[in-house]
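Here's the structure we're looking at; comments come further down.
Side chains included, hydrogens not; waters and symmetry mates left out as well; all remaining heavy atoms used. We name chains A, B, ... by the order of the sequence lines, and we start the count at 1 in each one.
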Amino acid sequence: MLQVVNIRSKREDIIAALKKRNIDAEALIDEVIALDEKRRSIQFRLDESKSLINTLSAETGSLFKAGETELANQKKQEVSAIKEESVPLEVELKEVSATLEKLLYSIPNAPHTSVPKGKSSEDNETLRTWGEATDAPHHTPHWDLTSKYKLIDFETGVKITGAGFPIYTGKGAKLQRALIQFFIDEADAAGYTEVIPPLLINEDSGFGTGQLPDKDGQMYYANEDNLFLIPTAEVPITNMYRDMIVDEAELPIKNVGYTPCFRREAGSYGKDVRGLNRLHQFDKVEIVQLDTPERSYTTLEAMVSHVEGLLQKLELPYRVLRLCGGDMGFTSALTYDLDVYSAGQSRWLEVSSVSNFETYQANRMKLRIKRKDGKKEAAHTLNGSALALPRIVAALLENNFDGNKINIPSVLVPYTKFETIS
RNA sequence: GGAGAGUUGGCAGAGUGGUCGAAUGCGGUAGUCUUGAAAACUAUUGAUCUUCACGGGUCCGGGGGUUCGAAUCCCUCACUCUCCGCCA
């Protein structure tokens, strides 16, 4: 969530930034400011009466010890009276704080100055493209290839679970593992520490990264234990640092993790869900960084470059987009999407989303930096897919199909241990 | 799943109704000593809200209660450990 201090001191900037998300937040922001002022004034009065109660209670104690029972009883009654008076204040403080918090949870992150205005994915800004985004001569969609070469069994997946839960078989399974290993090796070389996190998370973690309170409908829920299946490794990995104060010297913290991801994808349909385009369970390698506010945007660019490097090594044509305000995620301040060209479907497929959340997540999860001078402030959190597997597999198959066989990009051959699929 | 024990500052660990935000040890930081280091000694060392500041409030797993006053008593939830059961 946004920090109240910032809302107070940068009211205009925040309202202007939120306009890019097509939100007129003026009334909301002013309500936050008013509630915060109210909260502070109540707390001040409450603190005063508590201070008085503490003093009088201590005096009562000494009087009892000294045997001055009568005086002590008098003080006792005095304290009771003050306490009674402060009860409504206490109730009010709780109410005001709860309302304020709820309001803060409902405000999305303020977009970075570079974020373009816009309503939908149409308005995203294409920054650059790499490679030739041209259709393959045979123009075969991957679902035909996966069935022709027996790489993925969608039907049996339906039988044992349901749509969107594919079974990778034979070389399809090996390709999958090869990609994961390749991605992790690359991240390793770039200085990321690998983690294998839990695939189920509790409510606090869901709140920390911003999936809760409103996006619970997108996560699978393990009712009996009140746990959620992770929609992305971002959640467990970032939450490793929840409620922590990290020394400035330890930053940046760089983690990479491979996990399956689970998404209910309620409301999706049509060509979007065909084949590997959108699944309920898919594999992803995620990179996560924690850094200082002054460095985080440089870090963001470095993360994008890392992802671009992966795509270049895989020889997949791609483009880099800067998301417009209307298409950005709730918690992000700036997001770059990377799309690969799918030569069998003639469309771009999003394979990575790299974001800087600034202090939005850190503030929620109480993740702070301890500066050299001892001062504490919220850290910046960032993450990105590096990469999401299914659409990479889709593009890889489609783009490298020559009519007779599928040629594996040379960088992957040491991992797959086969050069072609035929 | 059953039975029992526990949860205190970065860590270990005292503290069972008042002066306890909390002894002590370790660790951290600064200094003395030393050519330097170690050792020793001295000092310092939690978080959070509020205030220009002085100061004040809150926090001893979470929530609630009893009391003039709670780390300490009661209720409740969560977690950890030990034993038993089950099991990759």
Are there any protein N/O atoms within less than 3.5 Å of an N/O atom in nucleotides 16-19 of chain B, and if so, which ones and at what distance?
unit_1, atom_1, unit_2, atom_2, d
B:rG18, N2, A:Ser57, O, 2.9
B:rU19, O4, A:Lys65, NZ, 2.6

Identify the residue among A:Ile230, A:Ile196, A:Val288 that makes a side chain to side chain contact (heavy atoms under 4.5 Å, CB included) with A:Pro236.
-> A:Ile230
Polar contact flag, side-chain donor to acceptor under 3.5 angstrom, A:Ser57-A:Thr60 | no
Looking for any heavy atom pair under 4.0 Å, which part of the strands does A:Lys375 touch: base, sugar-phosphate only, or nothing?
-> nothing
How many Å lie between CG on A:Asp247 and P on B:rG27, as a whole number?
-> 18 Å
Between A:Lys254 and A:Thr193, does any side-chain donor sit less than 3.5 Å from a side-chain acceptor?
-> no
Spacing of A:Asp188 atom CG and A:Gln181 atom CD [to the nearest 0.5 Å] | 9.0 Å
What distance, rounded to whole Å, do you find between the two C1' atoms, one in B:rG25 and one in B:rC52?
-> 41 Å
Pairing partner (Watson-Crick or G-U wobble, both distances under 3.5 angstrom) of B:rC59 = B:rG46
For nucleotides B:rA47 and B:rC33, find the distance between their C1' atoms and express it as a whole number of Å.
-> 36 Å
Partner of B:rC83 by Watson-Crick or G-U wobble geometry, both contacts under 3.5 Å, or none?
-> B:rG2
Readout for nucleotides 48-61 of chain B: B = base within 4.0 Å of protein heavy atom, S = sugar-phosphate only, - = neither; 5' to 3' it is SSSS----BSS---
Do A:Thr209 and A:Gln361 meet the criterion of a side-chain donor-acceptor pair at a distance under 3.5 Å?
-> no
Using whole Å, report how far CD1 of A:Ile53 lies from C1' of B:rU67.
-> 13 Å
Identify the nucleotide, in any strand shown, that forms a Watson-Crick or G-U wobble pair with B:rG69, with both distances under 3.5 Å; if there is none, say none.
-> none
Any A:Lys76 side-chain N or O less than 4.0 Å from OP1/OP2 of B:rU67 = no
Does B:rA40 have a Watson-Crick or wobble partner in any strand here, with both distances under 3.5 angstrom, and which is it?
-> B:rU32
Could you verify whether a donor N or O on one side chain and an acceptor N or O on the other, from A:Arg274 and A:Asn277, lie under 3.5 Å apart?
-> no
Taking atom C1' in both B:rC20 and B:rG15, compute the distance separating them and give it to the nearest angstrom.
-> 9 Å
CD of A:Gln77 versus P of B:rG69: gap in Å, rounded?
-> 13 Å
Under 3.5 Å, is there a donor-acceptor pair between the side chain of A:Thr156 and the main chain of A:Asp153?
-> no
Using the P atom in both, what is the distance from B:rU58 to B:rA22, to the nearest Å?
-> 13 Å
In whole angstrom, give me the gap between the C1' atoms of B:rG13 and B:rU7.
-> 13 Å
P gap between B:rG18 and B:rA37, integer Å = 48 Å
Output all residues satisfying ring-ring contact (aromatic ring centres under 6.0 Å, His included) with A:Phe418, sequence neighbours left out; order by chain, then residue number.
-> none
Between B:rA70 and B:rC59, how far is it from one C1' atom to the other, in whole Å?
-> 13 Å
In this structure, CD1 of A:Ile167 is separated from NZ of A:Lys159 (nearest 0.5 Å) by 8.0 Å
Please determine, by modelled atom types, if A:Tyr258 and A:Asp283 share a side-chain donor-acceptor pair under 3.5 angstrom.
-> yes
Quote, to the nearest angstrom, the P distance that separates B:rG21 from B:rG57.
-> 10 Å
